[in-house]
Amino acid sequence: MSRQPNPENVPGLEPQLVTLDVDSKFTEESTGGGTGDSPIASIDKREPIVTRKELWSYYLYYNGDNGVGPIGYSMTLFQSLATSAGFDPTRGPGSSCTDAGASGQCVLPWGKGTKSISSIVLVANGLSFAVMTLIFTTIGSAADYGNFGKWLFFAMTVICWAAQFASVSLTTPARWKSAMALYMLGFISYGATLVFYAALFPRLARNTPHARSLREKYEQGEISAEEYEREESLEKNRISNISTMHSNIGYVVTLCLNLSLLLPLMNNPKVDNYVIVLTNGYWVLTGIWWYIFQQPRPGPKLPKGEHYITIGWKQIWEAAKQYKKLPYTFIYLFSFFLLADGLNTTGTLVSICQNDKFSFSFLQNTYLGLAQAITSTLSTLGFWYIQRYWKIPTKRMFVVTNVVTIFIPLWGMIGIWTQRFGFHNVWEFWAYNVVFGLFQAPYYAFSQTMMAELSPPGFDNMYFGLFGLSNRASSMIGPNVIQAIIDNTGNNWKGFPFLFALCMAASLVIWFCVDVEKGRRDAVAFAKAHRSTDGTHIAEADTERREVVQEYGKEDN
């Protein structure tokens with residue numbers, strides 16, 4: 001905290017100018033009137049308290065945005081049409097990949113040669129993640145300014161809804177390219193909705209009635225800074241876990257609704273298309289309320305001379321230059337980049353094997369999805385109860401889920417050397433969906449809470465954009481490496497060793513190199529030092545402050 005220079009000792013300076021330029025700018029406004037060690041960000045007081053309707057509409061949005069359509073059924077439909085359009089490379093063009101005499105391999109014309117169906121699915125995923133990277137780096141952090149984030153989130157949602165509804169036209173194998181395009185469009189926009197949705201919850205958690213009460217108690221000296229930090233962290237975990245639970249409840253409800261079509265219409269060739277439309281209609285019904293009940297929480301105005309398209313890259317560059325001030329934030333972002341790449345690609349590879357095993361059956365995938373959804377709901381509640389009862393820090397809970405993250409590709413590796421285990425049997429896919437539900441639903445909740453703990457308050461979209469880059473857009477390495485391995489070996493299981501190594505390395509870094517408590521305090525200090533009185537992200541003001549302090553006073557330690 002800077003000491004105010006004495007105007008009587010500074011010839012030529014008016015008292016009002018010195019008082020205004022230094023203290024009011026960097027103490028009262030930047031720290032909310034508290035001390036320099038305060039763990040509270042000043043922006044909280046300027047935002048409305050979260051209402052019950054607003055919080056429930058937030059949960060309901062995620063209830064519908066559960067991924068059943070964009071990353072489940074759409075991928076199955078795309079892979080199914082591509083397989084029907086492909087041919088067995090051992091028997092040549094015109095042969096079928098699905099008849100009794102097929103070799104088990106299936107390719108499509110691709111460029112000047114051919115490419116396996118599994119590789120084409122992985123290429124689609126890799127391209128989708130590349131586009132997500134462009135979105136998050138170019139306009140992700142611009143969502144912190146004005147109402148741009150609100151409208152960007154809405155636009156991504158509408159695009160995903162449109163892509164899902166358009167899937168009703170995908171009825172013949174000849175349309176596999178259109179299926180690929182719609183799958184990618186839906187996958188990209190769905191991934192973007194998850195990132196911009198997650199970026200909302202730290203701000204909501206800071207403005208619940210309970211969080212405001214905690215703040216008042218801290219400012220009145222009734223609780224210590226450590227207790228405030230612990231309780232606010234639990235409030236973040238509460239919202240994160242409840243929203244994740246709602247996503248899984250929506251998963252269960254959606255799959256049960258789909259059975260009302262899949263069972264009576266199982267012989268109808270268009271039933272899969274109808275199911276995607278029904279799934280998407282459920283999301284529209286539950287998701288629209290957020291755009292009705294959300295309260296205005298605009299960010300600062302876009303700085304003069306800046307543009308929404310270019311400000312993102314500048315913010316990322318500024319953030320990257322501050323890595324020494326936020327070491328644990330950037331270690332987490334880097335290691336989670338590798339972890340998410342490994343986990344997301346593992347999920348895609350297991351889904352490819354599962355679709356092959358169950359002959360692209362929407363009905364079988366619905367039953368498997370129900371097993372995952374029910375266990376996910378129960379595990380989210382169970383993990384939250386355990387954490388709340390024993391007040392266990394977020395990182396320790398996250399570490400438990402990481403162990404299973406490593407175990408999944410390790411199990412797949414076994415399938416290289418034997419047909420008895422390693423995702424070759426029906427029971428293994430049932431076990432996979434149950435285990436995934438038990439541990440990976442909490443994984444997503446705790447990973448985003450970790451990010452909320454390590455993000456500077458007020459820079460939520462900026463750092464959750466980087467988190468989205470690490471999470472959804474990270475999978476550019478994995479799919480490309482795996483599809484190359486599959487093309488060279490003709491064996492889907494040969495990709496699991498690489499994914500195991502990726503997940504193991506990333507988990508070890510998170511376990512031993514990320515200090516969440518220190519990282520959280522670094523983030524709050526960073527936020528106070530890099531916001532001006534009007535809330536604008538500034539590097540210039542910090543430089544100006546230092547120049548004034550160096551000339552007319554000294555900083556207190």
Side-chain angles (χ1 to χ4, degrees), residues 64 66-86 96-102 104 106 117-118 121 161 163-176 178-180 182-183 186-187 190 248-286 347-348 350-377 423-434 436-437:
N66 50 56
V68 170
I71 63 173
Y73 291 147
S74 292
M75 177 180 167
T76 301
L77 182 60
F78 161 41
Q79 190 178 346
S80 175
L81 293 177
T83 300
S84 297
S96 173
C97 295
T98 58
D99 63 24
C106 191
I117 303 301
S118 297
V121 174
W161 288 347
Q164 291 291 282
F165 281 134
S167 296
V168 74
S169 65
L170 305 174
T171 55
T172 63
R175 296 179 180 174
W176 72 268
S178 297
M180 180 177 179
L182 287 176
Y183 165 66
F187 190 33
Y190 166 73
N248 290 307
I249 291 173
Y251 201 5
V252 173
V253 173
T254 302
L255 293 173
C256 289
L257 281 174
N258 292 338
L259 290 176
S260 67
L261 290 178
L262 288 168
L263 291 175
L265 300 178
M266 64 172 60
N267 296 320
N268 189 316
K270 296 183 179 180
V271 64
D272 293 348
N273 307 84
Y274 299 153
V275 165
I276 293 178
V277 171
L278 177 61
T279 300
N280 197 50
Y282 178 80
W283 180 12
V284 174
L285 183 63
T286 57
T348 301
V350 173
S351 295
I352 289 171
C353 297
Q354 178 176 298
N355 285 332
D356 285 335
K357 189 68 179 179
F358 292 98
S359 302
F360 315 103
S361 170
F362 268 41
L363 183 59
Q364 288 295 328
N365 281 336
T366 298
Y367 289 143
L368 290 167
L370 276 170
Q372 184 183 131
I374 292 170
T375 52
S376 293
T377 305
F423 298 121
H424 289 293
N425 307 290
V426 169
W427 69 266
E428 289 180 286
F429 293 104
W430 281 99
Y432 162 76
N433 280 278
V434 170
F436 191 96

Interatomic distance, CG@Asn365 vs CG@Asn258, rounded to 0.5 Å, equals 11.5 Å
The reported gap from CG in Leu262 to CG in Leu363 (rounded to nearest 0.5 angstrom) is 5.5 Å
message = Between Leu259 and Leu370, is there a side-chain heavy-atom distance shorter than 4.5 Å?
response = yes
Tightest non-hydrogen contact, residues Leu278 and Ser260, listed as CD2-OG, 4.4 Å
Would you say the side-chain atoms of Ser376 pair up with the backbone N or O of Gln372, donor to acceptor, closer than 3.5 Å? yes
So OG1 of Thr375 and CG of Asn433: to nearest 0.5 Å the spacing works out to 8.0 Å
The side chain to side chain contact (heavy atoms under 4.5 Å, CB included) partner of Cys256 among Val252, Val253, Thr254 is Val252
- Taking the side chain as every heavy atom from C-beta outward, state whether Val68 and Tyr282 have any atom pair closer than 4.5 Å. no
dist Ser74:OG -> Tyr190:OH (nearest 0.5 Å) comes out at 11.0 Å
Value for CZ (Phe429) from CZ (Phe436), rounded to nearest 0.5 Å, stands at 14.0 Å
Using the rule given for side-chain contact (heavy atoms from CB on, under 4.5 Å), can you reason through Leu170 versus Ser178, listing the C-alpha separation, both sets of side-chain angles and the distance that settles it, and then say yes or no? CA-CA 7 Å; Leu170 305 174; Ser178 297; 3.8 Å; yes
Answer yes or no: is there a side-chain heavy-atom contact under 4.5 Å between Met266 and Val271? no
CZ (Phe165) and CG (Asn273) are apart, to the nearest 0.5 Å, by 13.5 Å
Practice task
For the pair Phe78 and Trp176, name the ring-plane relationship: parallel under 30°, tilted 30 to 60°, perpendicular over 60°.
Solution key: parallel
Determine whether a donor-acceptor pair (N or O, by modelled atom type, separation under 3.5 Å) exists between the side chain of Asn425 and the backbone of Trp427. no
Note: Leu255 and Ala373 closest approach over all heavy atoms is CD1-CB, 4.5 Å
Within a strict 4.5 Å, meaning less than it, do heavy atoms of the Asp356 and Gln79 side chains meet? yes
For Trp430 and Ala371 the tightest heavy-atom approach is CZ3-CB, 3.9 Å
- Side chains of Ser167 and Tyr183: donor-acceptor distance under 3.5 Å anywhere? no
Could you tell me whether a side-chain N or O of Glu428 sits under 3.5 Å from a main-chain N or O of His424, the two making a donor and an acceptor?
yes
task = Look only at the side chain of Asn280 and the backbone of Trp161, and say whether a donor-acceptor pair between them is shorter than 3.5 Å.
result = yes
Exercise. Output yes when a side-chain donor or acceptor of Asn248 lies under 3.5 Å from a complementary backbone atom of Tyr251, and no otherwise.
Key: no
So do the side chains of Phe360 and Asp272 get within less than 4.5 Å of each other, counting heavy atoms only?
no
For Ala102 and Cys97 the tightest heavy-atom approach is CB-O, 3.4 Å
> Does the side chain of Gln164 reach to within under 4.5 Å of the side chain of Thr279, using non-hydrogen atoms?
Replying inline: no
Shortest non-hydrogen pair, Pro173 vs Ala85, comes out as O-CB, 3.6 Å
- Less than 4.5 Å apart, any side-chain heavy atom of Met75 and any of Ile352? yes
_Is the shortest side-chain heavy-atom distance between Ser80 and Asn355 below 4.5 Å?_
no
* Asked: How are the rings of Phe362 and Tyr73 set relative to one another: parallel (under 30°), tilted (30 to 60°) or perpendicular (over 60°)?
  -> parallel
